[in-house]
Every structure is written in C-alpha cells, then in structure tokens.
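Numbers for residues simply follow the sequence, beginning at 1. We count ligands from 1, going down the list as the structure has it; atoms in each ligand are counted the same way. Worth saying up front: this structure is predicted, and the values here are computed from it rather than measured.
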Amino acid sequence: MRSLTLPALTRAAGTVRLPGSKSISNRMLLLAALAKGTTEIRDLLDSDDTRVMLAALAKVGVGVTTLGADAWRVDGCDGVFPVKDADLFMGNAGTAIRPLPAALALSGGHYRLSGVPRMHERPIGDLVDGLLQIGADVRYAGNPGFPPLAIHPAIVKLAGPIQLRGDVSSQFLTALLMALPLTGEEAVIEMTTELISRPYIEITLNLMTRFGVNVEREGWQRFTIPAGQRYASPGVLHVEGDASAASYFLAAGTIGGGPVRVEGVGSSSIQGDVRFADALQAMGARIEWGENFIEGSAPAAGKLKAFDLDLNHIPDAAMTLAVAALFADGRCVLRNIGSWRVKETDRIAAMAAELQKLGATVEEGTDYIAVSPLPTFQAGVAIDTYDDHRMAMCFSLAALGGVPVTINDPACVNKTFPDYFDVLAEITAPVIAIDGPSASGKGTVAERVAAALGYHYLDSGSLYRLTALAAQRADVPLDDENGVAALAGSLPATFEGGRVLLAGDDVTDAIRSEEISVGASKVAALPAVRTALLARQRAYRRFPGLVADGRDMGSVVFPAAAAKVFLTASAGARAERRYKQLIAKGMPANMHALLHDLQERDARDAQRSVAPLRQCEDADLVDTTPMGIDAAVAAVMTIVKRQGL
Ligand code: DC
C-alpha cells in the first residue's frame, strides 16, 4: 500500500494489548543464543527487526525454533557461534547490527554485516573503536565509521579499561556489555562522554542478570564485568509489551478523551519509556498505573498544557510528544534529543518538515525541537514517513485534530508493529451502533448506512446464529455453556461478498431458519458465549469506520460509539415484514406463529441477565413502524450526520 488515509478522528477510548518490546525481544534473543542451555521466549515481538535478529542467529548456527503463538525456543551456543563464516544482512535494525558485531568479534570467525542504505549512514564507529582496543579485528567494508563491517578472527586481550563514547548511541555500550562476558575475564568500560538514553542500559543490565551475569556500575561512568561469569539460560522468559509503542495509544487517550488503557507494561516494567506517561501527566493528562497496565485520559478540564522538557531518557517515545504538542495550550520544547539525528532517519529534520505541512510553527536546533500548537489543522495533508516506523505512528495522531491525514508508506510500521493501524482503529475508528429487536429492519438499514458512508459492516447477530449452527452440527447441547462458548471462541466463519461461510460451507440461508433463530437467541443468553465473541466483534472496528448492528453494540461492545441508534417497530409490523420476506422467498409462513415467536424471542432477549435488549440512555430512538426502508435509512443518516460523521 502506497498510502493510508486516516479519517478525521474525534475520540479515542478502549483497551489495547501491546506487542512485545523490540528492545527486550532482540536483547533476549542474543543473550539466549550466547547462553548455555535452551531458553523459551514467550510473547516475542513479531516484526521486521526481530526477524532480522532471528535470521542472523540461525545463520551463525544458533537453533531458533518457533513454538507458535509468539513463543520461540533458542538453543544456546554457550558463547561460541558454530558457523564461522557468514554474510549477515541486518536491514534497518539498529537493535541487531549494534550488538551482534561485538559478539561476533569474539567468536573467531569471518563475518560480514550490512544493511539497507540508511543503515550504512548510521554511525557505528564508537563501537568499532571500543572493539579495536581489545584487539578485535573489525574493519569498515564501506565508509569509515559506518556499516558495512567485516569481522575476522583475532586474539582478544583485556589489558586496561575500554574507553567508550556514549553520546551518540547507548547501543554501543549495550553491545560491549553483552559480549564481554564471553571472554571470561574481568572487563571494564569507562565512558569518555556523557551517556545518553540511560534507561536502555538498565534494560541491558537487567536482562544480563536474568542470564546470570552481573555488572558493577559506578554511576554512569564505569562498568565492571567481574571475571568468570558465563551466560546460563533461565529457562522460560516473557517479553513485556513495548513501552515505546504504548506512547501512541496513551497520547491518543490524552488527546481524544480516553480512557485508553495499554496492557503489557505498567509500574513493574523494566523499560524506561514508560516514563513517557509522566510527560503526559506534566501536560495535565490523567494517568493511572497498574502493575501491568497504564491508562491515559484527557485533562479533567481545559487543554493539554505546554511543556519544556529534557527528554534524553525517552528518546523514542519523545517523538510522540512532538505531535501531542500540536494539541497543547502553548509552545512546547523538546530538549536534549540529539540522538534523533542518527536514528532510522534524521528525526529532528523529518519531524520539523512534516509538522510544518500540518500548518505548525516549528523551530529546529541541533539537539532540540520547539513546536507551537495548532488551533486548526491543515486538511488533506500527506505525511512522508522516511522509512521510519515512528514517524508513521506519531503522525497518525494528527487525525485527532479532526482532519483526514494521509500516511505515505504506512507499511514502514512493520519494523516494530505490523498491525499498528488496525489496533489504532480499535480505539479510534468511528462506530455507529444500531441496536434493536429481531426483524426491526436494522440489518438492512445498517448495511445501507455502511454503504453510504463507505464503512465496514458487522452483523453481530450472524455470529450468534453461526454459533448456534456450529453447536447443532457438533452435537453440543445449547445449554452446555462452556461447550458452546468454546465453539464461539474459534468459529471458522468468514464473510465473503454477502455470503456467510462456516468451515468453507455456505450457510447464508441455513443461519436464517426459524430453528437457528430460536437457537441463536438461546446461546446469546449464555454469558460465556457473549464473552467469547467480544474480542471478535471489536476487531471489526477498522478505518474508516464501522456500522454494527445487534442488541448490545452501544451498551457492551462499543460503549463509546460515536452514534447510537435504537431501531425498533411494533411486534405486529415486524411480524408482517418477516411474513412478506418468507413468502417472497417461496417459504411457508404463518403470521400468527411468526408473531408468537417474535414476542417470545423479544422477551428472552430483554429478560436475560447479560446484555439484555434495551435502549441505551444515549441512543436515539427510531421507530420504523410507519416507515419504509428508505425513510428508516434517512432517519439514521440524520442522526449520524449530526455527530459530524
Ligand atoms: O439480529 P439477529 O436476529 O440476527 O440476532 C440473532 C439472535 O442473537 C437474537 O436472538 C439476539 C441475539 N443477539 C444478541 O444477543 N446480541 C447481539 N449483539 C446480536 C444478536
């Protein structure tokens, strides 16, 4: 896809399960590879950067095996990569090309590391200088100071402390810290400059400890790895959610009302980027912390406040603040972010250029950026993303300025978060919830409204109908709550061009029979079935928007829906419509029996303990008893337009 146009967004609310952290995933993979024993890593991030690391490890002879569901088994090589000659392509993955050369330089083999053209512009000289001091044979295969690199066997000597710069990237220190225990000797690293991005070093040290290697740290100047330590697998490890990725959703909640909850990081996180939430709080956002979640909402009153902050400790998440600044009440200054210039792109220049496209006033310095808020956003802007995942993710938030925003090359998010836009849609894409009793015509109306707006359409009743049919086919009694819920949780159902398929079988007509209608109403009364279908229904919320019809769309599934309609008609009118439909299809029908069935089903849907059928307080009532279908569609469209959709 060359570009993705996000619709104007007005609200963000909901819960997001974060993908695994990139920083933790790639560190754990390398440490597990270097360790003695087998490690199982759960919730590993599945993205370009982790694939680069997995492929490189496999190429140097480390056993890496997928166990399914984001779990991987790594058979450690106890410090010695078995393959002694390899060409390794590292794409644009800094978390792979920085730490690997150090470990490879101590492995006694011939290795060549290269990347995409941008990677060959990203400095690596400080790391090479560090490695040369211990006698490693690392050479520049292109421009001095930059990848590609050629590594050859060498005898390594740890004579005195290694002198290392820390003001360009903290990843060089991470690389040496992770590799030096392989020598078995005492190793000392002394920083010759200020060390930036310190929280990332804390992640490194924390993970090394889990593999049995402890580092003595004197402030941020001197690091000592005592002699005789070897990495040993801790068995099973779990990757936390990505705290940098959390920044987009927390900011969305703060800008778009909220609450937005991110799950997978929280107060017990080892990632420094969770401190991004403090910056939002300084802007007046309401932030709530749990052990494994963070929640962000808009300030209790008024706009977000302007800020002037040193953001050296959260360089990645800080980009999100540059876009959040557009929504503040004054000029915001992001300081001490010089490392932005050597990331996936020159992020200071890129950020300034794209913010200006939206109409913002921006001041750019060597290591800072100042952004003035935007009272009105320029509509129809196309944002360039510079092959930088974070540019794409940050600028998606501009759509909360109430204008459509086009993101060029949206697939660059694959680097760390392949389904970012789907997840963003689940908390921001506008939803029109149309609830009402059986045969009120809401299905037809909802489909027509969706077509008029170009939105997606969810017929939630069909999921309950499919569940009833699946239960019937599997001989599971309809009162076996857990049995039916298990079927609902893994329905092999697909919707293709107006047809409904169950395990590849066309069941479009079968799920509309009276028997299945009654069965659907029975399974819909089972709490476990409703829970099992919840996530599936929410996943239909995609850009540019969704029209969902059912019984609890506005109350349970999409409580923050932008527009809520309760569409009804008298039981007599509904029975008559159903009668005409059946006759038109040449099916037998009895008006009296239909009315009786409808009333029974209404009663069951309204009386059940979970999600009973009722009109939400904030839903608009449309009584279609006297209306034809066109009038009903027009009535709903009027409500939808009133919400600015
Ligand atoms: O809308 P429908 O007639 O296709 O729905 C079939 C059954 O499923 C009906 O008895 C009500 C139930 N249902 C529900 O409980 N909640 C929904 N969101 C949709 C349908």
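In this structure, the protein non-hydrogen atom closest to atom 20 (C) of ligand 1 is G461 CA, 3.5 Å. For atom 10 (O) of ligand 1, the nearest non-hydrogen atom of the protein is S521 CB, 3.0 Å. At the shortest separation from atom 4 (O) of ligand 1 among protein heavy atoms lies R465 NE, 2.7 Å. Ranking protein heavy atoms by distance to atom 8 (O) of ligand 1, first place goes to Y464 CB, 3.5 Å. Scanning the protein for heavy atoms near atom 16 (N) of ligand 1, the closest one is R530 NH2, 2.9 Å.
Shortest non-hydrogen contact noted between D273 and S244 is OD2-OG, 2.6 Å.
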Using residues 397-412 as the side-chain source, report each donor-acceptor pair under 3.5 Å to any protein atom, sequence neighbours left out, with the distance given to one decimal.
| unit_1 | atom_1 | unit_2 | atom_2 | d |
| --- | --- | --- | --- | --- |
| T406 | OG1 | T5 | OG1 | 2.8 |
| N408 | ND2 | D384 | OD1 | 2.9 |

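Not one N or O of S517 is nearer than 3.5 Å to an N or O of ligand 1, by distance alone. The N/O atoms of S460, backbone and side chain alike, include one that comes under 3.5 Å of an N/O atom in ligand 1.
Selection from A524, A520, S438 by nearest heavy atom to atom 7 (C) of ligand 1 gives A520. Heavy-atom proximity to atom 9 (C) of ligand 1, evaluated over K522, R551, R604, is greatest for R551.
I583 contributes atom CD1, which lies 11.5 Å from atom CD of Q581 (distance to the nearest 0.5 angstrom).
The proximity of L463 to ligand 1, defined as any non-hydrogen pair under 4.0 Å, does not occur for either the backbone or the side chain.
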